[in-house]
Amino acid sequence: MEEGCMINSHFLGQRPRHLFVHALSYASNGYRVRLSIKTALGNQAYEWNENEMFLFRATMAFTMRRYYKTETYNVDNIIVCNQTLRVSFWFVVTSPDNSTMLIPQADVEKAVSMSRHRINNAFLLTDRTLEFLGIPPTLAGPVNPDTPPWLIVFGVVIGAVFAGIIALLVSSLLQKRRKEKGMMEDGQDEEDRQMKGVENGNILDGIYNRGFTDDNRFTKL
């Protein structure tokens with residue numbers, strides 16, 4: 001590690017001293033963690049304490065179990081040191097079979113990357129506010145919609161076609177009704193004009209009615 005791993009006395013009382021000496025000699029296998037709790041949660045930020053640290057160690061034990069597919073990892077395999085008040089610390093992972101042997105940094109990195117979202121969710125943080133320095137943030141996987149995109153496009157096109165057909169049918173029906181209404185109005189007007197002509201004793205619009213003709217030839221006959 002950059003400044004060496006200064007082990008807190010709290011942890012010295014729980015683990016053999018030779019384990020920490022070994023951790024110091026293999027500091028290159030450790031990772032620094034930095035949490036920005038207030039930045040992420042604002043007024044709802046929680047206080048970082050020993051309980052939260054225990055949760056971190058338990059989460060990392062879960063991460064190692066998931067990566068190696070074994071149940072032998074526990075919180076004792078996660079050693080934390082150089083903890084600061086601004087919530088940053090270093091950690092290393094020891095082998096469950098040999099407490100003096102550290103898990104290679106590459107394996108820890110792969111394990112963290114595999115369970116990054118689970119670690120973030122445990123502390124209500126994100127890759128930006130819970131940083132494993134040296135481990136790049138995980139990229140969110142592509143979202144696979146339940147409905148294939150081509151089916152969505154096809155549905156939109158078919159919907160537009162049906163909408164056009166319906167609009168055309170409605171337009172044709174309206175035009176037909178308007179035309180029929182216009183013809184009925186014209187016929188009614190014509191009938192009214194003829195009725196008025198008969199009432200006034202006049203034949204309108206060149207209509208010739210023999211019943212009212214005054215031809216002398218018919219009188220002679």
Side-chain angles (χ1 to χ4, degrees), residues 33-48 52 55-56 58-59 62-63 65-67 69 87 109-133 135-221:
V33 179
R34 182 168 57 197
L35 294 87
S36 303
I37 302 174
K38 291 184 178 180
T39 300
L41 303 178
N43 295 332
Q44 298 181 349
Y46 52 83
E47 179 183 359
W48 186 264
E52 300 297 335
L55 177 60
F56 173 81
T59 304
F62 160 80
T63 298
R65 287 186 177 196
R66 185 183 181 199
Y67 176 72
K69 298 180 180 179
V87 193
E109 180 175 346
K110 292 177 181 178
V112 170
S113 297
M114 177 185 293
S115 300
R116 188 64 179 268
H117 66 291
R118 300 291 295 273
I119 300 173
N120 293 343
N121 291 340
F123 298 97
L124 307 178
L125 301 176
T126 65
D127 286 356
R128 294 184 178 182
T129 52
L130 198 167
E131 302 174 85
F132 288 81
L133 303 186
I135 301 179
T138 54
L139 298 177
V143 178
N144 296 322
D146 296 335
T147 305
W150 67 267
L151 187 56
I152 296 175
V153 175
F154 178 77
V156 172
V157 172
I158 293 299
V161 171
F162 275 107
I165 293 174
I166 293 174
L168 183 60
L169 292 176
V170 171
S171 178
S172 300
L173 182 60
L174 291 176
Q175 290 180 1
K176 183 178 180 180
R177 288 184 176 180
R178 289 172 184 171
K179 185 176 179 180
E180 291 177 352
K181 185 177 180 181
M183 293 177 64
M184 291 178 62
E185 290 178 351
D186 292 342
Q188 184 66 34
D189 293 342
E190 181 67 19
E191 183 179 353
D192 291 344
R193 286 197 298 269
Q194 291 181 7
M195 291 297 296
K196 289 180 180 180
V198 171
E199 290 177 356
N200 297 330
N202 298 322
I203 303 302
L204 302 178
D205 298 332
I207 299 175
Y208 184 76
N209 192 333
R210 294 180 178 273
F212 294 92
T213 185
D214 191 17
D215 194 337
N216 293 329
R217 291 177 299 179
F218 291 99
T219 302
K220 294 178 179 181
L221 293 173

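Bear in mind the structure is a predicted one, so any value in this text is a computation, not a measurement.
Remark: the backbone N or O of Ala167 is not paired with any side-chain donor or acceptor of Ser171 at under 3.5 angstrom.
The local environment of CZ in Arg118 is sparse, with at most 12 non-hydrogen atoms from other residues, nucleotides or ligands closer than 6.0 Å. Within 6.0 Å of CZ in Phe154 there are 12 or fewer heavy atoms belonging to other residues, nucleotides or ligands.
In this structure, CD1 on Ile119 lies 3.5 Å from OG1 on Thr63, to the nearest 0.5 angstrom. Expressed to the nearest 0.5 Å, how far CD1 of Ile135 lies from NZ of Lys110 amounts to 12.5 Å. Note that the CD1 atom of Ile37 and the CG atom of Leu130 stand 8.5 Å from one another [nearest 0.5 Å].
Taking Phe56 as the reference, Val33, Trp48, Met53, Met60, Phe89, Phe91, Phe123, Phe132 meet the side-chain contact (heavy atoms from CB on, under 4.5 Å) condition, with sequence neighbours excluded. Every residue two or more places apart in sequence or in another chain that forms a salt bridge (Lys or Arg N to Asp or Glu O under 4.0 Å) with Arg34 is listed here: Glu131. Shown here are the side-chain contact (heavy atoms from CB on, under 4.5 Å) partners of Thr39, two or more places apart in sequence or in another chain: Ser36.
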**Message:** Using the rule given for side chain to side chain contact (heavy atoms under 4.5 Å, CB included), can you reason through Val156 versus Val153, listing the C-alpha separation, both sets of side-chain angles and the distance that settles it, and then say yes or no?
**Reply:** CA-CA 5 Å; Val156 172; Val153 175; 5.7 Å; no
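Taking each heavy atom of Ser115 and Arg66 in turn, the nearest pair found is OG-NH1, 3.0 Å. Listed here is the closest heavy atom pair of Thr59 and Ala122: OG1-CB, 4.0 Å.
Inter-residue side-chain proximity for Val112 and Glu109 is flagged as unmet; no heavy-atom pair is nearer than 4.5 Å. Looking at heavy atoms from C-beta onward, Leu173 lies out of side-chain contact with Leu169 at the 4.5 angstrom threshold.
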